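Since the structure comes first, as C-alpha cells, the remarks are kept for the end.
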Amino acid sequence: MSAATPLAMLGGLSAAEFLRDYWQQKPVLIRGAFADFQCPLSPDELAGLACEEGIEARLVEEHGKQGPWQVSHGPFSEATFAALPERDWTLLVQAVDHYVPEVAELLERFAFLPRWRLDDVMISYAPPGGSVGPHVDQYDVFLLQGMGSRHWQLGGRVDDDAPIIPGIDLRILERFEVEAGDDWVLEPGDMLYLPPGWAHHGVSQSDDCLTLSVGFRAPSADEALVSFADFLGDKLPDSLRYADAGMAPPADPGELDAAAVERMRHLILDTLDDPSRLAQWFGRVMTQPKYADQLVANETPTAPEALVAALQQGEELVRTPGSRFAWHALGEGRATLFADGDGAECTPPLARLIASEAALDAEVLAHEGAEVLLAALLDAGSLAWADEFEE
Ligand code: SIN
Ligand code: CO
C-alpha cells in the first residue's frame, strides 16, 4: 500500500493527504472510519479493568459528594460503581492496549504514522451526560466512538495560558465557545482527529457510551532539553568547560560581557549539536515504556544456545504488550534497535524485523547476531515466549 492509497479509516484521504493537510494542524471528522465497528470490550469489562491493581483509572463525577468535577483514582471496587448516580460521570482507563490484545490490534491500523509516536489507547465509559468538561490536550488524539453515542463540540485552537476553572482537579476551560459547524454526534465506528491544543468537549448521549482515545506522545522542549542534557552529561569529559583563552582585558572586572555570554552559548550549542548522540537519546526516550514497573526482567539470564534450540523446536517469541521498539540506521550496515528505553547495535534487517509486527520464529535466526540480541530482549522483559505468555 502506497502513501497515496485512499484509506477508508481516513474517510478516503490518503496517508500523504492526511499528513499534509490535517496532522498537527486541524481536526477532521471521519464518519464510518471503522465500518461495522464492534467495540473490543464492554462497559463491564472496562469497569473490571478499573478494579485491578496497577491499572491507571480515574472516575470523574460532575456533581461529586466532595464538590463539582470530583476526580478519584483507581483501583475501584464494585461498591464504587454501585454508589454512582444514573448520569453525569465518566470512567477513564489508560493504556487498555496493554491489557486487551484486540485493542492493541487496533493500533496496527495507525501504521500511516511512526509507531514510536503512539502513546496508548485510553477508553472511557459514561452514562448520559457524562463528560470530563471542555478542555485542551497537548497531544494528538483520534477519538473513536466504540459504543453508544457522544456529542462532540470543538472550540478552536486555544493558547497555553487560556484560563481554567480554579480549585478542581481537572483542567476545564473557563471559556468554551463552539466554532460554527464543529458540533457532531458520533456513533460507533466514527472517529474524530484532534491536533494538540484544540479545545473540545464530548458528552455522552447514551447509556453505553464507550470512547477510545488513541493518543500520541511528543516530548515537550522542556522535557527534551533536561533529558538530553542528562544523557549527554554522562558522556562529557570533566575538562570540557567554559574557556576564555586569548580574551581581551575586561573593560570592567565586574561585568559579565557579551563576549562571555557568546563563549558560553557556543559551549552549550556545540555540545548539544551532536546528531549521532541525539539519535541514541531520542530512540531511548521514545521507546521508554509508559509504566516502567510493568517491564519484568528475567531473574536468570537466557543462554543464546537455549534460545536457538527453543526457536528451532517451533517456539515463538512475542513482543510484550506495552513494550516499545524502534530502529535507526547508523550507516555501514549497522543499526540501533531501541527497545523499552535501551539501545543495542545490530544489522538493519534484524533491527527492522524486531521493531515490526512480524512473527519472531526460527526464521529470525538467519540474521547475524539474532540469538544474543533476542536473549537480551527476553531477559529485559521486552520479549516473551508465546506459550508462556498465553498461559
Ligand atoms: C472522554 O473520552 O470522555 C474524553 C476524551 C478526551 O476528551 O480526551
Ligand atoms: Co481530551
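Just follow the structure's listing: the first ligand is 1, and inside any ligand the first atom is 1. Since the model is a prediction, treat every value here as computed from it, not as a measurement.
For ligand 1, the atoms lying closer than 4.0 Å to a non-hydrogen atom of Ser124 are 1 (C), 2 (O), 3 (O). In summary, the atoms of ligand 1 found under 4.0 Å from a heavy atom of Asp137, numbered by their order in the structure, are 8 (O). Here is the list of ligand 1 atoms found below 4.0 Å of a heavy atom in His200: 6 (C), 7 (O), 8 (O).
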Apply ring-ring contact (aromatic ring centres under 6.0 Å, His included) to residues Phe142 and Phe216 and explain how you reach the verdict. CA-CA 9 Å; Phe142 290 87; Phe216 289 76; 5.8 Å; yes
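Taking distance alone, with nitrogen or oxygen atoms compared against 3.5 Å, His135 approaches ligand 1 more closely than that limit. Any N or O atom pair closer than 3.5 Å counts here, and Trp152 shares no such pair with ligand 1.
Between atom CG of residue Leu144 and atom CE of residue Met9 there is a gap of 8.0 Å, rounded to the nearest 0.5 Å.
Ring centers of His200 and His135: under 6.0 Å apart, within the cut-off. Note: Trp281 and Phe338 fail the aromatic proximity criterion, with ring centroids not under 6.0 Å apart.
In this structure, Arg109 satisfies the cation-pi test against Phe34, with its NZ or CZ atom closer than 6.0 Å to the six-membered ring centre and inside 45 degrees of the ring normal.
The side-chain heavy atoms of Pro348 and Trp327, taken from C-beta on, include a pair separated by under 4.5 Å.
The closest protein non-hydrogen atom to atom 5 (C) of ligand 1 is Ser213 OG, 3.8 Å. Among protein heavy atoms, the minimum distance from atom 4 (C) of ligand 1 is reached at Val132 CG2, 4.0 Å.
A salt bridge links Glu357 to Arg115: one of the charged nitrogens lies within less than 4.0 Å of a carboxylate oxygen.
Excluding waters, the set of protein N, O or S atoms lying under 2.8 Å from the Co ion (ligand 2) comprises His135 NE2, Asp137 OD2, His200 NE2.
Here Leu19 pairs with Trp23, Leu113 under the side-chain contact (heavy atoms from CB on, under 4.5 Å) rule; sequence neighbours left out.
Summarising the geometry of Leu173 relative to Ala162, their closest heavy-atom pair is CD2-CB, 4.0 Å, with the distance given to 0.1 Å.
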